[in-house]
Amino acid sequence: MSDMEASLRYSSAPHRREAILRRIELDGYVAAADLVTELGVSPNTVRRDLRRLAGDGLVRAVHGGAAAADMAATPFTDRSVQASAAKRAIAVAAVRHVEPGTAIALDSGTTTLEIAKLLPSRANLTVITHSLPAIAVLAPRPDITLIGVGGQYSRDTRSFGGPETLAGLEHMSVRTLFLAATSLDGTGVYGATPYEAETKRRLIALARRTIVVGDARKFALNAPIRVCGWDAAELLVTDGVPPGFKDVAVELASPTPA
């Protein structure tokens with residue numbers, strides 16, 4: 001054990017919380033289980049510290065730990081109405097890449113939910129998803145074979161995640177994955193939490209091709225966990241990219257004027 005670890009193990013509550021804040025400032029996210037080990041305190045103590053920091057607005061509580069407070073944290077219902085015209089235009093463009101008679105995977109997210117709403121009829125599709133809103137949209141459709149993947153439910157993302165979700169995806173295979181993102185930049189796709197990122201990576205692994213979908217605002221947002229580089233994607237469908245962006249093939253979707 002290092003001197004720093006030893007000092008943290010016996011720190012007072014203010015010192016512990018300062019250490020937690022420094023860790024989140026560096027990494028953007030910290031797992032509660034890691035804090036138990038690093039700080040040498042009980043899970044209950046860590047939970048109390050994180051609740052206090054979240055209550056003070058210094059961090060954002062997420063499943064399994066805490067993230068930076070300034071990270072994209074808008075509830076799903078609010079995100080669904082943000083850039084709604086752009087998201088629908090992106091979905092319209094994305095569904096043109098759905099091949100009849102194939103299996104596709106839909107990541108969780110408000111843009112992929114729009115794709116679920118627009119999937120063509122009588123296309124003999126199989127759809128795999130861990131997104132509860134997408135499952136709700138597709139469940140009534142007799143023309144689609146729907147495979148819903150369960151796990152621990154996250155109210156923030158309205159999706160399932162964790163070890164059970166990863167295990168459920170392990171032996172599946174799809175032709176096309178439509179991958180959502182919390183943020184985008186020149187190096188690739190980013191997610192909000194390790195659980196979310198790991199689910200996205202598993203989806204990428206089971207797909208023959210990956211199409212990233214996200215509106216232009218995602219280039220201005222920050223998220224702490226890198227999901228993949230652009231070499232893992234075949235195409236980005238969006239309504240705009242930063243000047244000079246040439247990291248992956250781009251299909252620009254134009255919202256229809258109201």
Side-chain angles (χ1 to χ4, degrees), residues 27-37 42-44 46-47 50-51 54 60-67 71-77 79-80 102-113 115-116 119 125-141 144-182 189-213 223-228 232-233:
D27 299 337
Y29 170 87
V30 66
D34 290 343
L35 290 176
V36 169
T37 301
S42 70
N44 284 337
V46 167
R47 282 193 288 270
L50 293 180
R51 280 197 300 268
R60 184 171 70 95
V62 296
H63 178 73
M71 196 178 67
T74 311
F76 187 96
T77 50
R79 295 200 312 272
S80 65
T102 63
I104 68 169
L106 293 178
D107 190 13
S108 65
T110 53
T111 305
T112 49
L113 176 59
I115 294 174
L119 288 176
L125 295 175
T126 296
V127 180
I128 296 169
T129 185
H130 61 299
S131 164
L132 186 59
I135 291 171
V137 165
L138 297 173
R141 291 188 52 172
I144 286 178
T145 300
L146 175 62
I147 301 175
V149 183
Q152 183 161 335
Y153 182 63
S154 167
R155 290 175 178 82
D156 286 341
T157 62
R158 293 195 179 180
S159 65
F160 299 99
E164 295 85 359
T165 305
L166 297 178
L169 292 169
E170 186 173 0
H171 300 296
M172 295 186 182
S173 176
V174 300
R175 172 68 178 120
T176 305
L177 162 66
F178 293 97
L179 183 73
T182 302
V189 177
Y190 288 77
T193 69
Y195 267 9
E196 178 187 12
E198 191 60 34
T199 303
K200 292 177 185 294
R201 294 187 193 109
R202 180 62 57 87
L203 288 168
I204 292 168
L206 63 85
R208 290 177 59 190
R209 65 173 182 168
T210 295
I211 296 176
V212 178
V213 292
I225 312 297
R226 187 170 185 264
V227 173
C228 66

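All values below were derived from every heavy atom in this structure, side-chain atoms included, with hydrogens, water molecules and symmetry-related copies excluded.
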| Counterpart residues, salt bridge (Lys or Arg N to Asp or Glu O under 4.0 Å), relative to Arg51 (two or more places apart) |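 None.
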| Among all residues two or more places apart in sequence or in another chain, which pass the salt bridge (Lys or Arg N to Asp or Glu O under 4.0 Å) test with Arg175? |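 Arg175 satisfies salt bridge (Lys or Arg N to Asp or Glu O under 4.0 Å) with Glu99 only.
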Under a 3.5 Å distance rule, please check whether [X] uses its side chain to pair with a backbone N or O of [Y] as donor and acceptor.
X	Y	result
Lys200	Tyr190	no
Thr112	Ala180	no
Thr129	Gly148	no

Minimum heavy-atom separation for [X] to [Y], with atom names?
X	Y	result
Ala232	Ile204	CB-CG2, 4.3 Å
Ala167	Arg202	N-NH1, 4.3 Å
Gly191	Val227	N-CG2, 3.6 Å
Ala103	Ser173	CB-O, 4.0 Å
Ala197	Ile225	CB-CG2, 3.4 Å
Arg158	Pro133	O-CD, 3.1 Å

To the nearest 0.5 Å, tell me how far [X] [atom1] sits from [Y] [atom2].
X	Y	atom1	atom2	result
Leu166	Thr199	CG	OG1	5.0 Å
His130	Ser108	NE2	OG	3.5 Å
Leu113	Asp107	CG	CG	12.0 Å
Glu196	Thr182	CD	OG1	4.0 Å
Ile128	Met172	CD1	CE	5.0 Å
Leu146	Leu138	CG	CG	5.5 Å

| field | Qualifying residues under side chain to side chain contact (heavy atoms under 4.5 Å, CB included), relative to Pro163, sequence neighbours excluded | value |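 Tyr195.
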| message | Applying side-chain contact (heavy atoms from CB on, under 4.5 Å) to Val174 and Ile104, what does each step give before you reach the verdict? | response | CA-CA 5 Å; Val174 300; Ile104 68 169; 5.5 Å; no
| Should Arg201 and Cys228 be marked as a side-chain contact (heavy atoms from CB on, under 4.5 Å) after you check the CA-CA gap, both sets of side-chain angles, and the distance that decides it? | CA-CA 7 Å; Arg201 294 187 193 109; Cys228 66; 5.8 Å; no
| field | Exceeds 12 heavy-atom contacts within 6.0 angstrom, atom CZ of Arg208 | value |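 Incorrect, the count does not exceed 12.
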| Stepwise, does the side-chain contact (heavy atoms from CB on, under 4.5 Å) test hold for Leu177 with Leu206? | CA-CA 8 Å; Leu177 162 66; Leu206 63 85; 6.0 Å; no
| Heavy-atom distance under 4.5 Å between the side chains of Ile147 and Thr126, does that happen here? |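 Yes, their side chains come closer than 4.5 Å.
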| request: Answer yes or no: is there a side-chain heavy-atom contact under 4.5 Å between Thr157 and Thr193? | output: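 No; the side chains remain at least 4.5 Å from each other.
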| field | Candidate pair Leu132 and Phe160, rule side-chain contact (heavy atoms from CB on, under 4.5 Å), full reasoning | value | CA-CA 7 Å; Leu132 186 59; Phe160 299 99; 4.3 Å; yes
